[in-house]
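Proteins get letters first, then strands, A, B, ... in listed order; numbering begins at 1 in each. We use all heavy atoms of the structure for the numbers below, so side chains are in, but hydrogens, waters and symmetry mates are not.
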Amino acid sequence: MCGRFTLFSSPERLAELFDLAEPPQLAPRYNIAPTQPVAIVRADARTQTREWALVQWGLVPSWAKDPSMGSRLINARAETVAEKPSFRAAFKRRRCLIPADGFYEWQRTSKGKQPYFVHLRDGSPFAMAGLWEFWTGPDGSALESCTILTTEANELMAPLHNRMPVIVAPEDYQNWLTIDLDRERERASLLHHLLRPFPAEAMEAYPVSTYVNSPRNEGADCIAPLVC
DNA sequence: CCAGACGTTGTT
DNA sequence: GTCTGG
DNA sequence: CCAGACGTTGTT
DNA sequence: GTCTGG
C-alpha cells in the first residue's frame with residue numbers, strides 16, 4: 001500500500017515532468033502522512049489545461065456527513081475502485097496524479113516493523129495514480145481531498161509488502177487525467193490497463209531508521225540509509 | 001418501508 | 001484492543 | 001502508514 | 001448519493 005511518501009524534487013523539475021506552465025510552490029517534504037495537504041496534478045476540463053492543487057490526503061466522499069471518513073480512505077484498490085461507492089464517482093472523472101520521488105513501506109518481521117524507502121533507480125520523481133473529491137459541509141465550508149490507488153506488489157516489493165502504489169508512466173499521464181467515463185465508457189478498459197505494477201527493474205528499496213515512524217519527524221533524516 | 005453502511009490494511 | 005488524528 | 005489516546009467532574 | 005439488510 002502507500003501510507004507515507006516524499007516530495008523533495010525541485011519545482012522546476014516537477015513542472016517539466018508534468019508539463020506545467022508554472023513551477024509549483026512547494027517546500028521539500030520527507031514524511032508526507034495521511035490527513036496532511038498533498039500536491040496533486042489534475043486536468044481542468046473547461047480550459048483543457050493541467051493545474052496544481054493542494055488537497056487533504058484521505059478521500060472524503062461528497063455524501064459524507066463529516067470529514068472524518070477521510071482518514072480511512074487513504075488508499076483505493078485499483079481492482080475495485082470503479083465499483084466502490086466511496087470512489088466510483090471520482091474514478092469516472094476526477095482522477096489525478098500525485099507527484100512523489102519515493103514512498104515508505106513497513107516490512108513485518110519477527111523483530112517488529114522495518115521501514116524501507118522505495119524509489120526509482122535513477123532518482124527521478126514520478127506520479128502515483130490518485131482520485132480527488134470535493135465535499136461541502138453543512139455550514140458551506142469546502143474541502144478537497146484525494147486517495148492513492150494501490151495494486152499488487154511487483155517482485156521488488158513482494159518481500160516487503162503485498163501491495164504497492166500505482167505508478168503511472170509519463171506517456172499515460174494524459175489519458176489518466178482526461179478520459180471522461182461518463183462520455184467514453186468504452187475507454188474504461190484502457191484506464192484499468194494503466195493500473196498495473198510498475199516494472200521492478202526500474203525501482204530500488206533500502207531500509208531506513210524508525211525515525212520516519214512518527215509523522216512529527218519531517219527532516220531529510222527520514223531517507224537516510226539505515227546503518228547496522 | 002427505513003436504517004445503516006459506504007474502506008484498506010493486516011491478523012486470526 | 002481499537003479508534004482518531006497527523 | 002504510525003502514534004497516541006482511551007474519561008468525568010469540577011475548578012482555574 | 002446509492003445500495004444492502006432488516
Side-chain angles (χ1 to χ4, degrees), chain A residues 1-7 27 29-39 54-95 98 100-119 128-138 142-154 157-167 181-182 195 197 205-219 221-223 226:
Chain A
M1 72 171 309
C2 183
R4 301 286 179 88
F5 65 99
T6 68
L7 185 59
R29 293 171 71 191
Y30 295 89
N31 197 0
I32 300 171
T35 73
Q36 293 179 358
V38 302
L54 269 186
V55 307
Q56 178 176 297
W57 185 8
L59 188 142
V60 181
S62 60
W63 41 260
K65 290 183 183 66
D66 65 77
S68 64
M69 198 170 176
S71 62
R72 291 191 300 286
L73 304 181
I74 65 170
N75 292 129
R77 292 177 66 91
E79 298 91 330
T80 56
V81 70
E83 287 82 37
K84 294 292 184 182
S86 296
F87 302 128
R88 60 191 174 198
F91 182 71
K92 282 187 181 177
R93 41 183 307 168
R94 281 186 295 280
R95 296 177 305 277
I98 303 180
D101 26 43
F103 57 91
Y104 300 98
E105 291 288 354
W106 278 259
Q107 180 185 45
R108 286 173 181 273
T109 72
S110 53
K111 301 187 183 94
K113 290 183 183 177
Q114 174 60 54
Y116 283 76
F117 182 62
V118 186
H119 61 106
M128 299 186 288
L131 309 177
W132 66 275
E133 189 55 278
F134 48 74
W135 179 85
T136 306
L143 176 70
E144 290 189 329
S145 59
C146 69
T147 192
I148 297 172
L149 272 62
T150 65
T151 185
E152 59 186 304
N154 63 21
M157 296 294 305
L160 309 183
H161 215 72
N162 63 336
R163 306 288 298 175
M164 64 181 282
V166 172
I167 297 175
L181 289 183
D182 280 333
L195 304 179
Y206 61 84
V208 295
S209 154
T210 53
Y211 176 77
V212 71
N213 284 14
S214 174
R216 296 168 63 170
N217 295 333
E218 301 186 316
D221 288 347
C222 288
I223 63 166
L226 181 66

Could you tell me whether the phosphate oxygens of [N], OP1 or OP2, come under 4.0 Å of any side-chain nitrogen or oxygen in [X]?
| X | N | answer |
| --- | --- | --- |
| A:R163 | B:dT8 | no |
| A:S86 | E:dG1 | no |
| A:R72 | B:dC6 | no |
| A:N162 | B:dG10 | yes |

Taking the six-membered ring for Trp, is the centroid-to-centroid distance between A:H119 and A:Y206 below 6.0 Å?
-> yes
Dot-bracket for DNA chain E: what is it, with Watson-Crick or G-U pairs under 3.5 Å, [ ] where a pair crosses earlier ones, and | for a pair to another strand?
-> ||||||
Using a 4.0 Å heavy-atom cut-off across all strands, classify A:I74 as base, sugar-phosphate, or nothing.
-> base
Which part of the nucleic acid, if any, lies within contact of A:T150, taking any heavy atom under 4.0 Å across all strands shown: a base, the sugar-phosphate backbone alone, or nothing?
-> sugar-phosphate
Taking C-beta and beyond as the side chain, do [X] and [Y] meet within less than 4.5 Å on heavy atoms?
| X | Y | answer |
| --- | --- | --- |
| A:N217 | A:Y30 | no |
| A:E105 | A:H161 | yes |
| A:L143 | A:F134 | no |
| A:L181 | A:R95 | yes |
| A:I98 | A:C146 | yes |

Would you measure the distance from the [atom1] atom in [N] across to the matching atom in [M] and give it in whole Å?
| N | M | atom1 | value |
| --- | --- | --- | --- |
| B:dC2 | D:dT9 | C1' | 39 Å |
| B:dC6 | D:dT8 | P | 27 Å |
| D:dC1 | B:dG10 | P | 6 Å |
| B:dG7 | E:dC3 | P | 13 Å |

Please report the distance, rounded to the nearest Å, between [atom1] in [X] and [atom2] in [N].
| X | N | atom1 | atom2 | answer |
| --- | --- | --- | --- | --- |
| A:M1 | B:dT8 | CE | C1' | 6 Å |
| A:F87 | B:dG7 | CZ | C1' | 6 Å |
| A:L160 | B:dG10 | CG | C1' | 16 Å |
| A:K92 | E:dT2 | NZ | P | 10 Å |
| A:E83 | E:dT2 | CD | C1' | 14 Å |
| A:L149 | B:dT8 | CG | C1' | 12 Å |
| A:E218 | D:dC1 | CD | C1' | 14 Å |
| A:L73 | B:dA5 | CG | C1' | 12 Å |

If you measure from the Lys or Arg side-chain nitrogens to the Asp or Glu carboxylate oxygens, is any gap between A:R29 and A:E218 under 4.0 Å?
-> no
So, for [X] and [Y], which heavy atoms are closest and what is the spacing to 0.1 Å?
| X | Y | value |
| --- | --- | --- |
| A:L59 | A:W132 | CD1-C, 4.3 Å |
| A:W63 | A:P85 | NE1-O, 3.8 Å |
| A:L195 | A:A129 | CD2-CB, 4.2 Å |

[X] side chain: which of [options] is closest?
| X | options | answer |
| --- | --- | --- |
| A:R4 | D:dC2, B:dT9, E:dT2 | D:dC2 |
| A:P215 | D:dG4, D:dC1, C:dG6 | C:dG6 |
| A:K84 | B:dT8, E:dC3, B:dC6 | B:dT8 |
| A:S71 | D:dA3, C:dG5, B:dG7 | C:dG5 |

Using side-chain contact (heavy atoms from CB on, under 4.5 Å) as the criterion, point out the one residue from A:N31, A:D101, A:V38 that pairs with A:F5.
-> A:V38
Would the number of heavy atoms belonging to other residues, nucleotides or ligands and lying under 6.0 Å from CZ of A:R94 be above 12?
-> yes
Are side-chain N/O atoms of A:T150 and A:R163 paired as donor and acceptor at under 3.5 Å?
-> yes
Using a heavy-atom distance cut-off of less than 4.0 Å, which residues of residues 29-38 of chain A contact DNA chain D?
-> A:P34
Does anything in residues 103-111 of chain A reach DNA chain B, meaning a heavy atom under 4.0 Å, and if so which residues?
-> A:R108
